[in-house]
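The structure appears right after this line, and notes come after that.
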Amino acid sequence: MKKLVKALLGSAVVAVMAAPASAATLDDIKAKGHVQCGVNTGLIGFSAPDDDGNWTGLDVDFCRALAAAIFDDPDAVQFSPLSAKDRFTALQSGEVDVLSRNTTWTISRDTALGLNFAGVTYYDGQGFMVNAKNLPDIKSALQLSGATVCVQAGTTTELNLADYFKANNMEYNPVVFEKFEEVNSAYDAGRCDVYTTDQSGLYAVRLNLASPGDHIVLPEIISKEPLGPAVRHGDDQWLDIVKWTYYALVNAEELGVNKDNLEEKMQSDNPELRRLLGTEEGGKLGTDLGLTNDFAVRIVKHVGNYGDIFERNVGAESPLKISRGINALWTKGGLQYGMPIR
Amino acid sequence: MATQHSTAEGAAPRVPLLYDPRVRGIAYQVLVFVGLFALVYWIVGNTTANLQRANIASGFDFLKGRAGFDIGDSLIEYSSDSTYGRALFVGFLNTLRVAIVGIITATVIGFIIGIGRLSKNWLINRICLVYVEVFRNIPPLLVIFFWYFGVLSVLPLPRESIDLPLGSYINARGLFVPAFQWGPGAWLVLVAFAVALVFVFFVRRWAHKKQMATGEQFPVFWTSVGLIIGLPALAFIVTGFPLSFEFPQLSTFNLRGGMQIRPEFLSLYLALSFYTAAFIAEIVRAGVVGVNRGQSEASHALGLRSGQTMRLVIIPQALRIIIPPLTSQYLNLTKNSSLAVAIGYPDLVATGGTTLNQTGQAIEVVAIWLIVYLGLSLGTAGLMNWYNARMALVER
Ligand SMILES: N[C@@H](CCC(=O)N[C@@H](CS)C(=O)NCC(=O)O)C(=O)O
């Protein structure tokens, strides 16, 4: 019943919001003094509160980068934890300004759901995890016919799962939960043989299981999951700001700018660096965006470049220890490619 | 009286139109109606405009689209190739299923506990009291979680399934029972059953008439039992036992074959039944207590035994008190079944929610939810009102 009421209120909000925070999201944000950012309810590495209750993670740091670019303050941001199912309604109704919540960029979300994706902060793919102690013979996803699979509602995961088993002529038994914690505890309790989600998510989930060592992630990747921040249709300026905040992060890594050498790089007369950091005489790249010319400086000063964010949250310096893989810069054989700042 | 009244009215001064209660009443109604209409008009207009501005799809065409997701528990044929409309229908049937069996079970438990509360046996009385107090004071969601995470999920994995009698097993994946497989000629058994029911109906009528006419009693109950069991059994033997069982067997992941009753359904069903039964018990108790003591004294005086007194005198009168509040418990149970979403039972709210999320058509899906729950509630209320009318005191 509560759910119903909540959904009702949600759609009532969509229905009656006087003007769906349309034209000037940036003005609204400046007026209220913070960015309202939709994040995950607790996925280690992407967005989860730490021991002191501060939000951390790759998706969280992206929001902090936005706050830094606008307010020169990475803390001028408030987080709304959203379940997979509620996230789009929250963005559409204006409850959040940006959705940075391991959300896969797909055509229907881009069109029918009225979202605009600003880039891909993490290239992922869907995988499977099983309990190797209970099922020692399972080495491949193709052996999973007849298995019971735990999955979260309202995700691309749910759809890819159906496609994969159908394409391989296998049967399965889905158990679909709405809440993340419920999927996790059901899998941990042995309700399912298999847990499926984005591979990064599997590693994160595994850390929180009763005995993480018992579980293995199977080698197959069954889908493309480009995860990135999204905004509502109808405000091009705000889309541009989110987009170029992301590109600034990647360009900073490409040009080797980080928190430690920022001062020194600002003295450089390399024209590319001068455009990125806004030190160019009479430059107006940042102001054209609606921000200040030093917006990239603000970003790097507070949160570092893309590589820093990656390593700190999901890479070598984190418990997840995920390698850069396809998320390396394009110059190093990966897919991260910063559009030119000029 | 009449003359007094007319003189009073004649003497009254003419009221100005503004203060005439009738005129005022009509004016208020018109105002409220216009206001309501304007509000609805504004909401609809605003919604369409906003949806268009935000580029969000609208309309009910999405129901024909391919759903793309699977549903674990379905009473009808369903696959990821089916439409969203069918997915919603599967969810609707699941809601109905848990509501119907839940209502039946809750009623049975509720009557037993409610009568037990009135028992003169101290132990039975106290046990029933504790039951009512415990279940009535815990939110239903917690009862559901108790069954799901507390009881059913601590059961062993399929390999270590607990054996139950009759080739059944229980484990963390649910209850596995042998599935019936009817052979050729099995329909005769069904026919025999139907015939038995018809016989029972006539036997009862005949026995009633006979008792009315001659005062002699006929053992209706045992005859009925004999007919209902005996005729199908006879048909079963004649057709050469056309029934075999498919027993659940262990495979790589799970028990295969047989019939699986999933823990999501079980916990929701048990929780709703036990929870609602506590309220029904109180209603039943109140109903029985509400029947005048003189009724049972009179009945005893007429020589009826206490079982007969209960069955023939007290319960029929108590039902008049019981039925209206019972109806609202049935409605509550049906609505509470939407808590299913918390434990992954694919009811209408769950499949609707996934549809909403995949298609983004919030308003349409919410409208469907509202209409379906409203329909279910009105339907239940209608049925119960009809039953109530039949039970009501017929003044002669
Ligand atoms: N990338 C997929 C899946 C994203 C997703 O929601 N994954 C789950 C499982 S790892 C999750 O993060 N749940 C956390 C929550 O609901 O708070 C999508 O966009 O649909």
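Below, chains carry the letters A, B, ... as their sequence lines are ordered, and counting in each starts from 1.
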(message) Can you tell me which portion of Leu135(A) sits under 4.5 Å from chain B's heavy atoms? Options are side chain, backbone, both or neither.
(response) side chain
(message) Need one label for Ala67(B): side chain, backbone, both or neither, based on atoms under 4.5 Å from any heavy atom in chain A.
(response) backbone
(message) Any non-hydrogen side-chain atom of Phe253(B) less than 4.5 Å from a side-chain atom of Gln143(A)?
(response) no
(message) What part of Asp81(B) gets within 4.5 angstrom of chain A, counting heavy atoms only: side chain, backbone, both, or neither?
(response) side chain
(message) Is Phe62(B) close to chain A through its backbone or its side chain, or both, or neither, when contacts mean heavy atoms under 4.5 Å?
(response) neither
(message) Heavy-atom cut-off 4.5 Å, strictly under: side chain, backbone, both or neither for Glu171(A) against chain B?
(response) side chain
(request) Indicate whether any N or O donor in one side chain lies under 3.5 Å from an N or O acceptor in the other, for Arg159(B) and Asn134(A). (result) no
(request) Check whether any side-chain heavy atom of Arg173(B) sits under 4.5 Å from a side-chain heavy atom of Thr148(A), and report yes or no. (result) yes
(message) Please find the pair of heavy atoms, one from Ala153(A) and one from Thr354(B), that lie closest to each other, and give the distance.
(response) CB-OG1, 3.9 Å
(message) Counting only heavy atoms not in Leu39(B) (residues, nucleotides, ligands), do more than 12 fall under 6.0 Å from its CG?
(response) yes
(message) Using every non-hydrogen atom in the two residues, find where Ala162(A) and Gly68(B) come nearest and quote the distance to one decimal.
(response) CB-O, 3.3 Å
(message) Between Asp70(B) and Asn173(A) (side chain of the first, backbone of the second, donor and acceptor by atom type, cut-off under 3.5 Å), is there such a pair?
(response) no
(request) Measure distances from Cys150(A) to the heavy atoms of chain B and classify the residue's part below 4.5 Å as side chain, backbone, both or neither. (result) neither
(request) Heavy-atom distances under 4.5 Å only: say whether Ala350(B) touches chain A with side chain, backbone, both or neither. (result) backbone
(request) Please check if atom CZ in Phe89(B) has more than 12 non-hydrogen atoms from other residues, nucleotides or ligands closer than 6.0 Å. (result) no
(request) Measure the spacing between NZ of Lys179(A) and CD1 of Ile343(B) and express it to the nearest 0.5 Å. (result) 12.5 Å
(message) If you count heavy atoms of other groups shown closer than 6.0 angstrom to CD of Glu77(B), is the number above 12?
(response) no
(request) Ignoring hydrogens and angles, tell me if any N or O in the side chain of Arg191(A) forms a donor-acceptor pair with the backbone of Pro263(B) under 3.5 Å. (result) no
(request) List for me each residue that meets side chain to side chain donor-acceptor pair (under 3.5 Å) alongside Ser168(B), sequence neighbours excluded, and say none if there are none. (result) none
(request) Go through the atoms of Thr155(A) and report whether side chain, backbone, both or neither lie under 4.5 Å from a heavy atom of chain B. (result) backbone
(request) May I ask you to name which of Ala342(B), Gly360(B), Ser79(B) has the most heavy-atom pairs under 4.5 Å with chain A? (result) Ala342(B)
(message) Would you say that Asn357(B) contacts Phe88(A) through its side chain, given a criterion of any heavy-atom pair below 4.5 Å between the two side chains?
(response) yes
(request) Look at Glu158(A), Lys166(A), Lys85(A), Arg87(A) and state which one has the largest set of heavy-atom pairs under 4.5 Å with chain B. (result) Lys85(A)
(request) Examine whether an atom of Ser337(B) lies under 4.5 Å from a heavy atom of chain A, and if so say whether it belongs to the side chain, the backbone or both; otherwise answer neither. (result) neither
(request) Check whether any side-chain heavy atom of Leu161(A) lies under 4.5 Å from a side-chain heavy atom of Phe69(B), and answer yes or no. (result) no
(message) Tell me if the NZ atom of Lys133(A) is crowded by more than 12 foreign heavy atoms within 6.0 Å.
(response) no
(request) Under 4.5 Å, counting heavy-atom pairs only, tell me which of Ser108(A), Ala189(A), Ala186(A), Gly154(A) racks up the most with chain B. (result) Gly154(A)
(request) Select one option (side chain, backbone, both, neither) describing which atoms of Tyr172(A) are under 4.5 Å from chain B's heavy atoms. (result) side chain
(request) Go through the atoms of Gln361(B) and report whether side chain, backbone, both or neither lie under 4.5 Å from a heavy atom of chain A. (result) neither
(request) Pick one of side chain, backbone, both or neither for Leu144(A), based on which atoms fall under 4.5 Å of a heavy atom in chain B. (result) both
